[in-house]
Amino acid sequence: MTYIKSLPFRLISSSIPNAKVLDFDLPPELGASEPPEARGLARDEVRLMVSYLSDDRVVHTQFRNIGDFLEAGDLLVINTSGTMNAALYATRSDGMQLELHLSTHLPADLWIVEVRSLSGKSTRTFYDVLAGETLQLPGGAEVTLHVPYLHGRGCAGGPQRLWIATLSLPYGLQEYLEEYGFPIRYSYVKEAWPSRYYQTVYATEKGSAEMPSAGRAFTSELITRLVARGVQFAPLLLHTGVASPEGHEPPYEEFYRVPPETARLVNAARAARKRVAAVGTTVVRALETVTDVEGVTHPGEGWTGLVVTPQRGMRAVNAMLTGLHEPSATHLSMLEALTGIEHLQVTYDEALRERYLWHEFGDLHLILP
């Protein structure tokens, strides 16, 4: 652990019980504030850092060259969830203007939602809503807040960010969101971008509050070239909720679906000692939910609250394509389950030194055995 003691890296307590997570100083200018297309790049021209667990070797390249690091028989598991226009303007009874973020669609047509106040071009969590309160939405719609979502679930008395709510819409959800909604946007993205910038090319079913961004750089042409080289793709679905839980919150459930054919392909690739690479943390969460202690992946569907930690380990995958995660993010604990803390620090040190870009419009990291 001597390497971890060198600045700028620190290990701090996580919102995951009994876990530490990597913390470091991220220069603000390394946050990707706009899509690569706005910087004159094609989707697949973002940068790619490739790292090898066996010897800590790191290679810097462009994402469109990812095929140079993959072999016939390798399996890439992708999340085909599409990104909803999950943000809506909302109005309190006293006329106060707010923003509503839809997170997760629950059984009984309930929703997990977050209410945010307007702050210039950005928003911030608004904690002062009340149980039973109804907010007016555009087009004659409304949302009623019932109870805090995390009430009684170990939120340690912290303020309530997420609520269980009911939507009353004049017509179907996706049609309504296409007309009145817009993509969720945080302060580091300076301008509003159309929803097409928040979709992967292989999205099939909208339901994510925020883009499963690890696969954003794929183009149809790149996928075709990879398939021609013998690289396999297997789809699953996990609808992502709003951004990672705050420090006092336990992780919350997300809907997933792992088809039988995807489970078969994962098991076959592992049996053949091929690389099984999850494209994004959402894929890891879904696959690990349906993979038993013997390492056998099963088909399944439902809501998962699984948290993948170094203590638990990974059973389904031995490789991963992911973005660069913020300091102290719980996703870093998931990465550590695959890489170990020292390799994680080596790669993030490289990413900082080489000035890679963070967030959903940023650069990518391919982790191989």
Side-chain angles (χ1 to χ4, degrees), residues 14-17 19 21 75-84 86 103-106 112 149-150 153 162 200 202-205 207-216 233-246 249-259 262-263 265-267 270 276-293 295-326 328-339 344 360 364-367:
S14 167
S15 59
I16 302 169
V21 69
L75 180 65
L76 300 182
V77 186
I78 58 175
N79 181 7
T80 59
S81 177
T83 311
M84 300 184 296
S103 178
T104 303
H105 200 176
L106 299 172
I112 301 172
Y149 173 64
L150 296 170
R153 294 186 63 243
L162 302 174
T200 59
Y202 47 69
T204 60
E205 180 180 330
S208 281
E210 299 181 8
M211 176 173 52
S213 55
R216 187 189 188 278
F233 284 79
L236 56 72
L237 189 82
L238 186 137
H239 291 322
T240 67
V242 293
S244 300
E246 295 182 350
E249 297 174 349
Y252 45 86
E253 292 86 353
E254 295 171 314
F255 178 79
Y256 73 93
R257 184 189 307 130
V258 178
T262 293
L265 287 169
V266 170
N267 291 328
R270 287 180 63 85
V276 179
V279 178
T281 58
T282 61
V283 170
V284 173
R285 196 180 201 198
L287 280 182
E288 293 295 324
T289 296
V290 295
T291 300
D292 62 30
V293 293
V296 178
T297 300
H298 304 270
E301 177 177 322
W303 281 263
T304 178
L306 177 67
V307 180
V308 179
T309 65
Q311 292 75 22
R312 179 193 181 276
M314 285 194 189
R315 304 165 182 168
V317 306
N318 55 16
M320 190 174 177
L321 176 69
T322 183
L324 294 161
H325 301 286
E326 291 185 331
S328 72
T330 55
H331 288 321
L332 291 172
S333 184
M334 178 187 288
L335 263 63
E336 186 187 339
L338 176 64
T339 69
L344 190 60
E360 67 267 32
L364 293 164
H365 179 197
L366 177 64
I367 305 166

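Atom set for the values below is all heavy atoms of this structure, side chains included, hydrogens, waters and symmetry mates excluded.
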A.B. asks: NE2 of His105 to CD of Glu254: how many Å apart, nearest 0.5 Å?
C.D. replies: 15.0 Å
A.B. asks: Yes or no on side chain to side chain contact (heavy atoms under 4.5 Å, CB included) for Met320 and His365, after CA distance, side-chain angles and deciding distance?
C.D. replies: CA-CA 8 Å; Met320 190 174 177; His365 179 197; over 6 Å; no
A.B. asks: Side chain of Thr262, backbone of Val258: donor and acceptor closer than 3.5 Å?
C.D. replies: no
A.B. asks: Could you give the distance from OG1 (Thr330) to CG (Leu335), rounded to the nearest 0.5 Å?
C.D. replies: 10.5 Å
A.B. asks: Under the 3.5 angstrom rule, does the side chain of Thr322 hit a backbone N or O of Gly280 as a donor-acceptor pair?
C.D. replies: no
A.B. asks: Which atoms form the tightest heavy-atom contact between Gly323 and Ala214, and what is the distance?
C.D. replies: N-CB, 4.5 Å
A.B. asks: Tell me every residue that passes ring-ring contact (aromatic ring centres under 6.0 Å, His included) with His325, counting only those two or more places apart in sequence or in another chain.
C.D. replies: His331
A.B. asks: So, taking the atom named CD1 in Ile78 and the one named CG in Leu236, what distance separates them when rounded to the nearest 0.5 Å?
C.D. replies: 8.5 Å
A.B. asks: Between Ser81 and His239, which heavy-atom pair has the shortest distance, and what is it?
C.D. replies: OG-ND1, 2.7 Å
A.B. asks: Who pairs with Thr83 by side-chain contact (heavy atoms from CB on, under 4.5 Å), at least two apart in sequence or on another chain?
C.D. replies: Tyr198, Gln199, Met211, Pro212
A.B. asks: State which residues pass side-chain hydrogen bond (donor to acceptor under 3.5 Å, both in side chains) with Thr240; sequence neighbours excluded, sorted by chain then number.
C.D. replies: Ser208
A.B. asks: Working to the nearest 0.5 angstrom, can you tell me the gap between Leu265 CG and Leu76 CG?
C.D. replies: 11.5 Å
A.B. asks: With sequence neighbours left out, which residue pairs that include part of residues 295-312 fulfil the salt bridge (Lys or Arg N to Asp or Glu O under 4.0 Å) condition?
C.D. replies: Arg257-Glu301, Glu288-Arg312
A.B. asks: Applying side-chain contact (heavy atoms from CB on, under 4.5 Å), can you list everything that pairs with Thr104, at least two apart in sequence or on another chain?
C.D. replies: Leu106, Ile112, Trp303
A.B. asks: Ignoring hydrogens and angles, tell me if any N or O in the side chain of Asn267 forms a donor-acceptor pair with the backbone of Val296 under 3.5 Å.
C.D. replies: no
A.B. asks: How about Val77 and Leu287: do any of their side-chain heavy atoms sit closer than 4.5 Å?
C.D. replies: yes
A.B. asks: Quick one: are Leu338 and Val284 in side-chain contact, heavy atoms under 4.5 Å?
C.D. replies: no
A.B. asks: Check whether any side-chain N or O of Arg285 sits under 3.5 Å from a backbone N or O of Val308 as a donor-acceptor pair, and report yes or no.
C.D. replies: no
A.B. asks: Any side-chain heavy atom of Pro299 within less than 4.5 Å of one from Pro259?
C.D. replies: no
A.B. asks: Looking at Gly300 and Val290, what are the two nearest heavy atoms and their distance?
C.D. replies: CA-CG1, 4.1 Å
A.B. asks: With rounding to the nearest 0.5 angstrom, report the CD to CG distance, Glu336 to Leu344.
C.D. replies: 6.5 Å
A.B. asks: As an exercise, state the distance from CG of Leu366 to CG of Leu321, rounded to the nearest 0.5 Å.
C.D. replies: 6.0 Å
A.B. asks: So which atom in Ala316 and which in Thr291 form the shortest heavy-atom distance, rounded to 0.1 Å?
C.D. replies: CB-OG1, 3.3 Å
A.B. asks: Which residue is it: Thr200, Val283, Val279, Thr281? I am looking for the one with a side-chain contact (heavy atoms from CB on, under 4.5 Å) to Asn79.
C.D. replies: Val283
A.B. asks: With sequence neighbours left out, what residues match Arg315 under salt bridge (Lys or Arg N to Asp or Glu O under 4.0 Å)?
C.D. replies: none
A.B. asks: Contact between Leu306 and Tyr256 at the side-chain level, heavy atoms closer than 4.5 Å - yes or no?
C.D. replies: no
